[in-house]
There are 2 protein chains.
Amino acid sequence: MSLFLEVVSVSEAVEAVRRIAPLPGCEEVPLEDALHRVLARDVHADIDIPGFDRSTVDGYALAAAETTGASEAIPAMLQCRGRVGMGSADVGEISSGACRYVPTGGALPEGADAAVMIEHAEQIGDDVLIHRPVAPGENVVFRGEDFGAGKVALERGRVLSPREIGVAAAVGADRVSVVTRPKIGIISTGNELVPVVETPGPGEVRDANSYLAGAFVTERGCHPVYFGIVRDEQAMLKRAVSSALDRCDAVLVSGGSSKDERDNTAAVIAELGEVLVHGIAIAPGKPTIIGTAGGKPVIGLPGHPASTYVVLVAVVDHLLAAMQMTTVSRRTIRAQLTENVPSTRGREDYVRVSVRNGKATPVFGKSGLLNTLVQSGGLVQIPASSEGLEVGEEVEVILW
Amino acid sequence: MSLFLEVVSVSEAVEAVRRIAPLPGCEEVPLEDALHRVLARDVHADIDIPGFDRSTVDGYALAAAETTGASEAIPAMLQCRGRVGMGSADVGEISSGACRYVPTGGALPEGADAAVMIEHAEQIGDDVLIHRPVAPGENVVFRGEDFGAGKVALERGRVLSPREIGVAAAVGADRVSVVTRPKIGIISTGNELVPVVETPGPGEVRDANSYLAGAFVTERGCHPVYFGIVRDEQAMLKRAVSSALDRCDAVLVSGGSSKDERDNTAAVIAELGEVLVHGIAIAPGKPTIIGTAGGKPVIGLPGHPASTYVVLVAVVDHLLAAMQMTTVSRRTIRAQLTENVPSTRGREDYVRVSVRNGKATPVFGKSGLLNTLVQSGGLVQIPASSEGLEVGEEVEVILW
């Protein structure tokens, strides 16, 4: 069995993970717990919103026609027939030559089709002088104008920001159907790894990748399920991956920084399912493996946390988005490069940069250093077709 | 008691809320629960990271000096003294003329100060031909080079992204001290309001603001505490605000869309503490109240959800950030306006826009419509000094 497949481009890798993303389930949650979830079903307005013609100002409800030609010099004069109470069902009616005071959000009386702001009127006893004309519908939201009864207020696929949560509340959706959070199994492999609570001995390092990948998938709306550190031994890794596949919707195996270990991960995936990609033309992050087993994605991430993070951002992000019926939305800014950045044609390079006052400064030094992750503000992507970027060039920075 | 204070600018309002923000407490949480929390104490490296000189490639560990002048034509020849195992304490030693195979992440033997990539070497039996020179330190991370023992790895005040979580794991911080999540009391007031589960009668609307504000403060790392709907009656509102102040670090009172209601909120704050700002030169959102009671901020938000949201973004966001020892970090993009947008000098206007292909199109129509919140992609701020923006102008869009 040859595992030495061709190295694929980043876009091919992204296509591959989107293709193998399993379809998500859905569940109903209370609206107050739905922040940042993805809508699985449209939310409809149960009734007309608002349910009545409503003033958007403090002022006088009236028939717009009564104000035709009104001005400071020659105001229209109307008779005030009292006030509309907030939330009151008794809005009354106005006849020709009459108006009623209405607070912001109050209901318009029968016969009114506009409201005049209090600032443009003057009340003298029961008389109200209107100093400027209003058009029909001015300062008013009509019944059903915001959302019509039975109409779609929020479409499925929307990520529920606070604004969508507010709209859902307004249309009476105290529970919403959302995409189930994918469960992502996280395994770290490597004989050099010790748990975070331990002090590494000679040749050993702590397992940072489990935390890094776990926090990343959490940030992307998924549930991490941790399977701990597995020694670099094929039978043990196979058992761990099988167990993670049983309990999760996808599995990330990080580690395998050395060639032997990488081959081990690939061999386990091949035994349990199929290796689709073995190596991506990306730097850092080349030794990435994409496979499936039992209809679930299994991704082999590079061993070094800095490389792992680039692959999480450049490739795995798309998998997690697809598993939630959505697409990756990136925070980017444009900045000017302060130095030349060489690159190798045929490989997509991701350069860590710090960003300050519109300038992007490459965080050079050794790419294997973990501290570059927290000393940089984002990534600049250099396309595979480019031999590098030049100082002064405007680049797009993918903010971390 | 006059509550008709001067309307203040947005920047004065922001300054006011930052000034009254109570200092946060701190708590220790397990690292896996610390995502997006704010570090309250520096995180130090407990030991040198890495704890040993480490290869960053699969290749041969050697003394760089041995490769001086090496080339394809005249390679340097070294004797291979076996392999370094991953995580192994037994790294051995190399003497003059010798090297050892080392996997990525493996420890360098005594006497080695660099590694040659396997691609640049050729092993024939026990002999290894090195085809190019390496410099001391090449392809190696030295002991303590990433983080020195006892040094600060992450400074307090940092928001813990997945990358900081990974670094904390690497330096052994399985628990971290973070800023306590502020508890924000949320009250909706208004006689027209009914709970989301109810069908509004004539003149009534559902309480969208509690959900909107609750989701907003959650998104900003705070805990919302809901105190429900309070009728527009001073004694009842005072009781609700007092009770919220007892249990929370700050209180948001939304509603009071009409002048009478606004005055009611202001009167309650004045009774319990002090009104600092009564009206902001912002549109929408002018009738915003900023006060304190018992050393805690109390903010009166406008009644209409669309106005409330603008005030949450423009002002309250700064309060919540200050209460967590941090500052507002906004997602913005630059886009070209597709239409003229008039504005009134002396007032900061926030215009909802939809963004597509670098173009920002104002979502005009009635600003009182809730659906503008979900049909727009962000806000364009028009400074108080401006009389409007012109079609074609490049503007910064604060993405929702």
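Each chain gets a letter, A, B and so on, in the order its sequence line appears, and its residues count up from 1.
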Participant: Sort A:Thr218 into side chain, backbone, both or neither according to what part of it lies under 4.5 angstrom from a heavy atom of chain B.
Facilitator: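 Both parts, heavy atoms under 4.5 Å.
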
Participant: For chain A, which of B:Asp174, B:Val102, B:Val196, B:Asp146 has the most heavy-atom pairs under 4.5 Å?
Facilitator: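 Maximum pair count with chain A is reached by B:Asp146.
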
Participant: Given that the side chain runs from C-beta out, which part of A:Arg143 has a heavy atom under 4.5 Å from chain B: side chain, backbone, both or neither?
Facilitator: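 Contact with chain B involves no heavy atom of A:Arg143 at all.
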
Participant: Please check if the number of heavy atoms outside B:Glu110 that lie under 6.0 Å from its CD is greater than 12.
Facilitator: no

Participant: Side chain, backbone, both or neither: which part of B:Val374 has a non-hydrogen atom closer than 4.5 Å to chain A?
Facilitator: both

Participant: Select, from B:Ala89, B:Pro195, B:Gly106, B:Ser210, the one with the greatest count of heavy-atom pairs under 4.5 Å involving chain A.
Facilitator: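 Between B:Ala89, B:Pro195, B:Gly106, B:Ser210, the count favours B:Ala89.
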
Participant: Counting heavy-atom pairs closer than 4.5 Å to chain B, which one of A:Ala107, A:Ala170, A:Pro305 comes out on top?
Facilitator: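 Looking at each of A:Ala107, A:Ala170, A:Pro305 in turn, A:Ala170 comes out on top.
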
Participant: Under 4.5 Å heavy-atom distance to chain A, tell me which part of B:Ala173 shows up: side chain, backbone, both or neither.
Facilitator: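 Contact with chain A: backbone only.
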
Participant: Go through A:Arg163, A:Arg158, A:His36 and name the one with the most non-hydrogen pairs under 4.5 angstrom from chain B.
Facilitator: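 Ranked by heavy-atom pairs under 4.5 Å with chain B, first place is A:Arg163.
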
Participant: For A:Leu399, is it the side chain, the backbone, both or neither that has a heavy atom under 4.5 Å from a heavy atom of chain B?
Facilitator: neither

Participant: Using side chain to side chain contact (heavy atoms under 4.5 Å, CB included), reason through A:His304 and B:Thr104 one step at a time and then give a plain yes or no.
Facilitator: CA-CA 9 Å; A:His304 196 280; B:Thr104 305; over 6 Å; no

Participant: Quick one: of A:Thr332, A:Leu312, A:Leu212, A:Leu108, who has the most non-hydrogen atom pairs under 4.5 Å with chain B?
Facilitator: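 Of A:Thr332, A:Leu312, A:Leu212, A:Leu108, A:Leu212 has the most heavy-atom pairs under 4.5 Å with chain B.
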
Participant: Side chain, backbone, both or neither: which part of B:Ile49 has an atom under 4.5 Å from a heavy atom of chain A?
Facilitator: side chain

Participant: For each of A:Gly51, A:Gly172, A:Ser161, tally heavy-atom pairs with chain B at distances under 4.5 Å, and name the one with the top tally.
Facilitator: A:Gly172

Participant: Heavy atoms only, distances under 4.5 angstrom: which of B:Asp207, B:Thr308, B:Val171 has the most pairs with chain A? Name it, please.
Facilitator: B:Val171

Participant: For A:Ser55, is it the side chain, the backbone, both, or neither that has a heavy atom closer than 4.5 Å to a heavy atom of chain B?
Facilitator: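 Interface part for A:Ser55: neither.
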
Participant: Report the C-alpha separation of B:Phe216 and A:Ile165 in whole Å, then their side-chain angles, then the decisive distance to 0.1 Å, and conclude whether the side chain to side chain contact (heavy atoms under 4.5 Å, CB included) test is met.
Facilitator: CA-CA 9 Å; B:Phe216 182 83; A:Ile165 300 277; over 6 Å; no

Participant: What pair of heavy atoms forms the shortest contact from B:Glu204 to A:Phe52, and how long is it?
Facilitator: O-CE2, 3.2 Å

Participant: Using non-hydrogen atoms only, which part of B:Arg175 is less than 4.5 Å away from chain A: side chain, backbone, both, or neither?
Facilitator: neither

Participant: Does the side chain of B:Asp46 come within less than 4.5 Å of A:Arg206's, by heavy atoms?
Facilitator: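 A:Arg206 vs B:Asp46: side chains touch.
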
Participant: Against chain B, label A:Arg220 side chain, backbone, both or neither, depending on which of its atoms sit under 4.5 Å from a heavy atom there.
Facilitator: neither

Participant: Just verifying a value: how many Å separate B:Leu369 CG and A:Phe142 CZ, rounded to the nearest 0.5 Å?
Facilitator: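 Separation between the atoms: 11.5 Å.
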
Participant: Can you tell which part of A:Leu160 gets under 4.5 Å to a heavy atom of chain B, answering side chain, backbone, both or neither?
Facilitator: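 Contact with chain B is absent: no heavy atom of A:Leu160 under 4.5 Å.
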
Participant: Give the member of A:Glu164, A:Arg334, A:Glu219 that has the highest number of heavy-atom pairs under 4.5 Å with chain B.
Facilitator: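 Result: the option with the highest number of such pairs is A:Glu219.
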
Participant: Is there side-chain contact between B:Ser329 and A:Arg331, with at least one heavy-atom pair below 4.5 Å?
Facilitator: yes

Participant: Looking at every non-hydrogen atom in both residues, tell me the closest pair between A:Ala208 and B:Gly166 and how far apart they are.
Facilitator: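 So the two residues come closest at CB-O, 3.4 Å.
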
Participant: Is there a side-chain contact between A:Asn371 and B:Val167, using heavy atoms and a 4.5 Å cut-off?
Facilitator: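 Side chain of A:Asn371 against side chain of B:Val167, heavy atoms only: no contact under 4.5 Å found.
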
Participant: Please examine the side chains of A:Pro200 and B:Ile47, heavy atoms only from C-beta on, and report whether any two atoms are closer than 4.5 Å.
Facilitator: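 They are in side-chain contact.
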
Participant: Select one option (side chain, backbone, both, neither) describing which atoms of B:Glu145 are under 4.5 Å from chain A's heavy atoms.
Facilitator: both

Participant: With a 4.5 angstrom heavy-atom cut-off, which part of A:Val140 approaches chain B: side chain, backbone, both or neither?
Facilitator: backbone

